[in-house]
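See structure below.
Here is the naming used below: chain letters follow the sequence lines, and residue numbers restart at 1 for every chain. These numbers come from a predicted model, not from an experiment. Note: hydrogens, waters and symmetry copies are ignored here, and every other heavy atom, side chains too, is used.
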Amino acid sequence: MFAEVIVDIKSSNTDRVYTYKIPEGMKLEVGMRVSVPFKNRFIEGYVISITEQTSYPVDKIKDIHKILDNYSVFDEKMIELAKWMKDYYKCYFSEALQTIMPVGIKRGEKKVKIVRINISEIPDELCKRAPKQYEVLHYLQKRSPIRLSELVKILNIDYAIIKSLQKKGYIKVYEEEIHRYSVKDIERSQPLVLKEEQEKAVTEVKKSMEKDVFEKYLLFGVTGSGKTEVYLQLIDECIKSGKSAIVLVPEISLTPQTIERFVSRFGNKVAVIHSGLSPGERFDEWRKVKNGVVDVVVGVRNAVFAPFKNLGLIIIDEEHETTYKQSDMRPKYNAKEVAEKRCELENAVLVMASATPSLETYYKATKGEYKLLRLTKRINVSMPHIEVVNMSDELARGNTSIFSRKLFSYIKENLQKKEQTILFLNRRGYSSFVSCRDCGYVPKCPNCDISLTYHFEDKRLVCHYCGYQEAMRDTCPKCGSKRIRYLGIGTERVENDIKKFFPKARVLRMDVDTTKKKGSHEKIFYDFRSGKADILIGTQMISKGFDIPNVTLVGVILADITLNLPDFRSSERTFQLLTQVAGRAGRGEKPGRVVIQTYEEDHYSIIASKYQNYVRFYNEEIKYREIFRYPPFSHLMNIVISGEEEEEVKNIAANVYLMCQKIVNKLQNKSYNKILGPAPAPIRKINNRYRWQVILKSEDRNVLVDIAEKVQTMKYPKNIRISVDIDPLNIM
DNA sequence: AGCACGCCGACT
DNA sequence: GTCGGCGTGCTC
Ligand SMILES: [Zn+2]
Ligand SMILES: [Zn+2]
């Protein structure tokens, strides 16, 4: 008997199946982790199938060394899922499998090679005789011990150098283990009586679950329409029919309150996977699922891989959230797509829910790919009163402060009434844009229609998608005004101005600076909630999460910042943000007021937010997407080239561009394909590495996948790194 | 010749 | 990703 094994090596030429012999008496199962001989060492591998025969010459086949766990990690469907992931996201098979695997499973077994210097003085003759070896020793005098792989990368050397130093006894190389750093009783709740719309949604989804068929739903429910109760009753139905359910929740809203709602209904049948778990704790939760101890998993992105044997339902709360996309690590997967695939493989039902669905999702719902369920009525929540203030008017009337007269007077009133205020300001971010203070005009790229980024160094306006450039203007092309310049405000400025105008107000600030420490985010919320401050100033983070009943005023200092992010989704982000921010005002019994300050009061995102009308926003935005062929009318792919020498990076980026062009030109089908760039990435330098990017736009996702394959297997100079993201949600 | 070092291909 | 083998080129 033979086992087909995927080995744990991240390289394109080992990304295939290797055949091993199963020794007599070894009780090997499909999906087990094993240790196998590979060249002259032992490495980890994953058994993806067991066969009677093999086409590979039997005399060359080695035996499996040993089984690593006493159970199978992946069932057949999970292996199928990994196969799909590696093809869909163009990653190695081993990476897909490791993404599905719980991190804690490896415990202390993983080893790394460590290099330690063994002499105090570097022999003089080495300097001339073997300069590279001298360099290594010189470096080790400053930093030793160090990981071998790190040393090789930093000094850009070959392993042969280490080998000869080791032979001479100047250094020692040894293996070391990687150490991992190392629910209470809640009163049970009863199902609530559903309102008509909720009842209808539950009945509809229930029908599909009973039929055991793969079905996809979009639950489009306004803020406060009781989506969670719908989830709870669907899960209840699912469990009753002997199946299990997964609920994906954005990290930020996985609060004690949220967890309590699930635990109070389903008790110890619920496992919670949040990002604060240590690898060991994660592994424990994973085991609970595997052993059938729980029926429900509530968790963040990677909870989509919860290894239920009989999955019936996946719910994705706040479906439009970008946290469902893993953008920092390979594979760059989106849990929404993975969930869809998993449901297909398991004949389960997928329910995606949002008050502000992503354009792609709503588009698919209009095309009938997702069945649309609506919750239009708010339960026990009144809609806040939303007002938009045109900041150009304020300037025209001589008000140069960052607060409009309206917002200023509302803040004053709120302070007198002892009611709380939230002032929202988008993070100034890594890029800045230019706008006309008189008419709101913002220079955009003629090719891509995204806002141009202002570069302070050379005073030029640059498009981060395609590299288009123009000189900074001194007059507005729309109205002729000379007041066209960089626009941006930081949270410090808002805090200072509040202190200046309202010296007695107690202010809390919540931004990247004040929330660096773990738990500080929660502490600020707790302090504010318990009334320790009158005004909370914050960025993105305050738009979701905790309910604060006493907040009756929300001020958006400058909606333009979000509106002009260099991203084709900036309008969508703005609408989502403003809707969420509006939901923060008046959640208690007191009615809320929202003031949105902007220079672009006629923008459809702003108008639709004012009337809290998603469909109105959607109808405008979808037109723009179609004209400029952005998703859902195409797929994007972002290729980032990084390295220490900017010139080199730029040249490689140009090569990558040419290669993409060659592939596109050779295509037989006449699909729409466009290659943009190369352009400097919005974040031009990270960790001393310069970054350039090439962006591709294609109607046919397979074209992008093919190019991703070629780009990733191409040879590059050492120190040049390539990162490919298909369907990116953030282009940085 | 003898060593240093970069490059290439194979690993079941 | 990691290893050994091999070719080149420099020094003794
Ligand atoms: Zn103007
Ligand atoms: Zn452009």
Side-chain angles (χ1 to χ4, degrees), chain A residues 1-23 26 28 30 32-67 86 91-98 106 110-115 122-139 146-171 173-176 178 329-330 712-722:
Chain A
M1 294 286 270
F2 302 100
E4 311 219 284
V5 174
I6 300 298
V7 294
D8 176 24
I9 295 174
K10 281 158 197 58
S11 110
S12 52
N13 38 17
T14 49
D15 182 35
R16 53 201 177 86
V17 174
Y18 287 90
T19 310
Y20 287 88
K21 204 157 97 46
I22 306 172
M26 181 184 271
L28 189 73
V30 169
M32 277 181 158
R33 260 180 353 123
V34 289
S35 165
V36 289
F38 199 75
K39 207 148 178 185
N40 47 5
R41 65 208 156 113
F42 288 106
I43 58 169
E44 188 172 315
Y46 313 105
V47 179
I48 59 158
S49 67
I50 292 175
T51 56
E52 301 265 345
Q53 288 175 16
T54 173
S55 54
Y56 196 75
V58 181
D59 54 309
K60 282 189 180 169
I61 294 180
K62 296 182 184 172
D63 277 12
I64 288 192
H65 176 224
K66 62 177 182 190
I67 294 173
K86 82 171 168 61
C91 67
Y92 307 131
F93 206 152
S94 62
E95 290 176 313
L97 289 165
Q98 286 168 0
K106 295 200 177 187
K110 212 180 172 191
K111 287 179 179 164
V112 276
K113 287 200 169 166
I114 307 283
V115 181
I122 306 174
D124 279 343
E125 74 271 13
L126 226 52
C127 193
K128 274 191 200 136
R129 194 83 185 80
K132 285 278 168 188
Q133 296 184 13
Y134 180 84
E135 199 187 333
V136 171
L137 290 176
H138 188 73
Y139 188 82
I146 183 173
R147 279 193 195 186
L148 175 60
S149 53
E150 203 183 336
L151 185 72
V152 167
K153 239 183 220 154
I154 292 171
L155 296 178
N156 192 18
I157 47 164
D158 197 89
Y159 282 87
I161 290 138
I162 302 296
K163 272 273 139 79
S164 40
L165 278 169
Q166 198 183 355
K167 234 194 276 166
K168 290 180 199 158
Y170 292 165
I171 59 167
V173 180
Y174 55 94
E175 288 194 325
E176 208 170 68
I178 298 179
M329 244 208 285
R330 276 159 62 92
Q712 292 184 93
T713 46
M714 244 163 61
K715 296 255 177 221
Y716 299 97
K718 261 189 197 166
N719 278 327
I720 290 285
R721 279 209 289 267
I722 305 285

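At least one side-chain nitrogen or oxygen of A:Y159 sits closer than 4.0 Å to the OP1 or OP2 atom of C:dT2. The shortest distance between the side-chain N/O atoms of A:K167 and the OP1/OP2 oxygens of B:dA4 is not below 4.0 Å. Note on A:Q133: a side-chain N or O is less than 4.0 Å away from OP1 or OP2 of B:dC5. Residue A:K168 has no polar side-chain atom (N or O) positioned under 4.0 Å from OP1 or OP2 of B:dC3. Contact between the side-chain N/O atoms of A:K163 and the OP1/OP2 oxygens of C:dG4 is found at a separation under 4.0 Å.
Residue contacts shown for A:A130 are limited to sugar-phosphate atoms, with no base heavy atom under 4.0 Å away. Residue A:P57 is classed as having no contact, given no heavy-atom separation below 4.0 Å to the nucleic acid.
Look at A:Y56 and the base of B:dT12; the rings stack, centres closer than 5.5 Å and planes less than 30° apart.
A:Y20 places a side-chain N or O within donor-acceptor distance of the main-chain N or O of A:P37, the cut-off being under 3.5 Å. Looking only at distances, no side-chain donor or acceptor of A:K21 sits under 3.5 Å from a matching main-chain atom of A:V58.
Comparing C:dG1, B:dC5, B:dT12 by their nearest atom to the side chain of A:S11 picks out C:dG1. Between C:dC3, B:dA4, B:dC11, one nucleotide has an atom nearer to the side chain of A:K113 than all others, and that is C:dC3. The side chain of A:I161 approaches B:dG6 more closely than any other nucleotide in the set B:dG6, B:dA4, B:dT12. Looking at the side chain of A:R41, the nearest of the listed nucleotides C:dG1, B:dC11, B:dG6 is C:dG1. The side chain of A:N13 approaches C:dG1 more closely than any other nucleotide in the set B:dA4, C:dG1, C:dC3.
The interatomic distance linking A:I162 (CD1) with B:dC5 (P) rounds to 11 Å, in whole Å. Atom pair A:D59:CG and B:dC11:P shows a separation of 12 Å (rounding to whole Å applied). Per the geometry, CD1 belonging to A:I157 stands 9 Å off P belonging to B:dG6, to the nearest Å. Atom CG in A:D158 sits about 14 Å away from atom C1' in C:dG7, given to the nearest Å. Atom P of nucleotide C:dT2 and atom CZ of A:F42 are separated by 17 Å, given to the nearest angstrom. Rounded to an integer number of Å, the gap from CZ of A:R16 to P of B:dC11 is 8 Å. Taking atom NZ on A:K132 and atom P on C:dG9, their separation rounds to 18 Å, with Å as the unit. The interatomic distance linking A:N40 (CG) with B:dA10 (P) rounds to 16 Å, in whole Å.
Ring geometry, A:F38 versus A:Y18: the interplanar angle exceeds 60°, so the pair is classed perpendicular (tilted spans 30 to 60°).
Taken to the nearest 0.5 Å, the CD1 atom of A:I61 stands 5.5 Å off from the OG1 atom of A:T19.
Donor-acceptor pairing under 3.5 Å, judged by distance alone, is present between the side chain of A:K39 and the base of B:dA10.
More than 12 heavy atoms of other residues, nucleotides or ligands sit less than 6.0 Å from atom NZ of A:K168. With a 6.0 Å radius and a threshold of 12 heavy atoms from other residues, nucleotides or ligands, A:K718 has its NZ atom above the threshold.
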